[in-house]
**Q** 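Would you mind keeping the following structure in view while I ask a few things?
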Number of protein chains: 2
Amino acid sequence: MPKQATPLPHTVLGGDTPCCPPLAQQRLPADVATALAPAFKALGDPVRLQLMSMIASAENGEACVCDLTPAFDLSGPTISHHLRTLREAGLVDAERRGTWVYYRARKAVLSQLAALLANTGQSPQ
Amino acid sequence: MPKQATPLPHTVLGGDTPCCPPLAQQRLPADVATALAPAFKALGDPVRLQLMSMIASAENGEACVCDLTPAFDLSGPTISHHLRTLREAGLVDAERRGTWVYYRARKAVLSQLAALLANTGQSPQ
DNA sequence: AGGCTGATTCGAAAAGTGTCAAACTAGACG
DNA sequence: CGTCTAGTTTGACACTTTTCGAATCAGCCT
């Protein structure tokens, strides 16, 4: 049961194209929904949502695990596991440089998710 | 049958205010992350994501359960359960009119979630 | 080499989730 | 009233997820 196999083949998310029309504009096909859901699922945990925010808002566009871990009341392995989840969801990239590992957000992916939820009608109520 | 027990007190999501600066702009506080995560979590299932899309893109802004259920290869109770999850996440509202129950999207909430993920930098890569 | 520190992987326990069938509730209608 | 249809709730089961400690891997440094 290899944890491999990116659930987000770049044929759906991560490219330069908008990936798909907004949720509210037309019905999302089943296969697209299946491809997109893991990204939302990854954001659906408070710890991972914070991690995502810390990474996306980091100084040089990247955050060191050594800075992320102590920000939570959780063990190293647990943080590492959450980071892996974000990675496998295609939301972040990891790079090792010497002793430390740095994570950076895949901003294009986040933008596409945003676009999916937007245009939902900004009329009041 | 009140749609109570909202884990998203309107102090965070659902109001007219943007709820919070974009994820990538500044670090999301723990309590805000805890309040927002359930909404993403609800969207993190392929069936619920499709339901959300069907509801948000429906003709008159609302969708009848009687139209949603047969669109899936799942039992009525299962669809009902997913709809409840969306409801409790604050993403949809339900209204019974006679025999049928209609769901409609809380567009303001979707917009806020979109705003949270947006402004993440539209520069390529 | 050997040891130190940062990070991931492994294995396991507790809690949570998705699904169904069966039982139930809400209206409509004869 | 009795019964039919639409939806929800309940109870159960398999599966997944969150979390940890222990073990491991990857680079430094002396």
Side-chain angles (χ1 to χ4, degrees), chain A residues 1-5 7 30 33-34 37-52 54-55 58 62-89 91-104, chain B residues 1-5 7 30 33-34 37-52 54-55 58 62-89 91-104:
Chain A
M1 193 258 278
K3 267 319 172 59
Q4 282 296 33
T34 301
F40 287 115
K41 187 177 191 176
L43 295 175
D45 178 276
V47 173
R48 286 195 295 266
L49 195 53
Q50 286 179 80
L51 283 170
M52 191 70 233
M54 293 175 76
I55 295 168
E62 63 181 12
C64 177
V65 174
C66 61
D67 290 328
L68 297 173
T69 303
F72 298 86
D73 224 12
L74 294 170
S75 71
T78 297
I79 297 299
S80 191
H81 165 255
H82 283 304
L83 288 172
R84 171 209 272 266
T85 301
L86 289 174
R87 232 163 46 223
E88 290 181 343
L91 293 169
V92 300
D93 280 323
E95 183 195 358
R96 165 158 232 141
R97 285 204 303 276
T99 304
W100 293 282
V101 175
Y102 297 88
Y103 279 76
R104 65 175 54 233
Chain B
M1 190 259 282
K3 64 271 314 272
Q4 65 212 355
T34 300
F40 287 116
K41 188 177 191 175
L43 296 175
D45 179 275
V47 173
R48 287 195 295 266
L49 195 53
Q50 285 180 81
L51 283 170
M52 192 68 232
M54 293 175 75
I55 295 168
E62 64 183 10
C64 176
V65 174
C66 62
D67 290 327
L68 297 173
T69 303
F72 297 86
D73 223 13
L74 293 171
S75 70
T78 297
I79 297 299
S80 190
H81 165 255
H82 283 305
L83 289 172
R84 172 210 272 267
T85 301
L86 288 174
R87 229 163 50 223
E88 289 181 343
L91 294 170
V92 299
D93 280 324
E95 183 195 358
R96 162 158 235 141
R97 285 205 302 277
T99 303
W100 294 283
V101 176
Y102 298 88
Y103 279 76
R104 65 174 56 232

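Numbers restart at 1 for each chain; the letters A, B, ... are given by sequence-line order, proteins then strands.
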**Q** B/Leu83 has an atom CG; how far is it from atom P of C/dT19, in whole Å?
**A**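 Rounding to the nearest Å, CG of B/Leu83 and P of C/dT19 are 12 Å apart.
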**Q** For B/Val65, does its backbone N or O pair with a side-chain atom of B/Thr69 as donor and acceptor, under 3.5 Å?
**A**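 Answer holds: yes.
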**Q** Is any side-chain N or O of A/Lys41 closer than 4.0 Å to OP1 or OP2 of C/dT17?
**A**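 Answer no for this pair, as no side-chain N or O of A/Lys41 is under 4.0 Å from OP1 or OP2.
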**Q** Expressed in angstrom and rounded to an integer, what is the separation of A/His81 atom NE2 from C/dC10 atom P?
**A**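 After rounding, the gap between these two atoms is 12 Å.
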**Q** Look at the side-chain N and O atoms of A/Ser75 and state whether any lies under 4.0 Å from the OP1 or OP2 oxygen of D/dC20.
**A**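 Yes.
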**Q** What's the OH-C1' distance between B/Tyr102 and C/dA26, to the nearest Å?
**A**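 The answer, rounded to whole Å, is 15 Å.
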**Q** Return the 5'-most residue of the pair B/Val65, A/Pro77 with respect to DNA chain D, ranking by each residue's nearest nucleotide.
**A**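 Per heavy-atom nearest nucleotide, the more 5' residue is B/Val65.
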**Q** Please check the phosphate of D/dT9 (OP1 and OP2 only) for any side-chain N or O of B/Arg84 closer than 4.0 Å.
**A**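 For D/dT9, OP1 or OP2 has a side-chain N or O of B/Arg84 closer than 4.0 Å.
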**Q** Nearest nucleotide by nearest heavy atom, which residue falls closer to the 5' end of DNA chain C, A/Trp100 or A/Thr78?
**A**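 On the 5' side of the pair lies A/Trp100.
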**Q** Check the distance between D/dT18's C1' and A/Phe72's CZ and give it to me in whole angstrom.
**A**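 Rounded to the whole Å, the gap is 14 Å.
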**Q** In terms of the nearest nucleotide of DNA chain D, which residue is placed more toward the 5' end: A/Gly98 or A/Arg48?
**A**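 The residue mapped nearer the 5' terminus is A/Arg48.
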**Q** Could you check B/Thr85 against B/His81 for side-chain contact (heavy atoms from CB on, under 4.5 Å), going step by step and ending with a plain yes or no?
**A** CA-CA 6 Å; B/Thr85 301; B/His81 165 255; 4.0 Å; yes
**Q** Is there a side-chain polar atom (N or O) of B/Thr99 under 4.0 Å from OP1 or OP2 of D/dT5?
**A**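 Negative; the distance criterion is not met.
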**Q** Please determine if a side-chain N or O atom of B/Ser80 lies less than 4.0 Å away from the OP1 or OP2 oxygen of D/dG7.
**A**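 Indeed not, no polar side-chain atom of B/Ser80 lies that close.
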**Q** Taking OP1 and OP2 of D/dG7, is either one under 4.0 Å from a side-chain nitrogen or oxygen of B/Tyr103?
**A**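 No, outside the criterion.
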**Q** For A/Tyr103, does the six-membered ring have the charged nitrogen or CZ of A/Arg87 within the cation-pi criterion, i.e. under 6.0 angstrom from the centroid and within 45° of the normal?
**A**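 Not satisfied by the 6.0 Å and 45° rule.
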**Q** Could you tell me the separation between the CZ atom of B/Arg96 and the C1' atom of D/dT9, rounded to a whole number of Å?
**A**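 Checked: the CZ to C1' distance equals 13 Å.
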**Q** Rounded to whole angstrom units, what separation is found between the CG atom of A/Leu68 and the P atom of C/dT8?
**A**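 Between P of C/dT8 and CG of A/Leu68: 10 Å.
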**Q** Rounded to whole angstroms, how far apart are CG on A/Asp45 and P on D/dT17?
**A**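 My rounded result for the distance is 11 Å.
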**Q** Check the distance between C/dT17's P and B/Leu74's CG and give it to me in whole angstrom.
**A**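 Nearest whole value for this atom pair: 18 Å.
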**Q** Pick base, sugar-phosphate or nothing for B/Ile79, based on heavy-atom distances below 4.0 Å to the nucleic acid.
**A**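 The residue B/Ile79 makes no contact with any strand.
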**Q** Do side-chain atoms of A/Arg48 reach the backbone of A/Gln50 as a donor and acceptor pair under 3.5 angstrom?
**A**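 It does not hold such a pair.
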**Q** Considering all heavy atoms of both residues, which atom of B/Leu91 and which atom of B/Ala39 are nearest to each other, and what is their separation?
**A**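 Shortest heavy-atom separation between B/Leu91 and B/Ala39 comes out as CD1-O, 3.7 Å.
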**Q** At less than 4.0 Å, is any side-chain N or O atom of A/His82 found next to OP1 or OP2 of D/dT17? Yes or no.
**A**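 It does not, given that no N or O in the side chain of A/His82 lies less than 4.0 Å from OP1 or OP2 of D/dT17.
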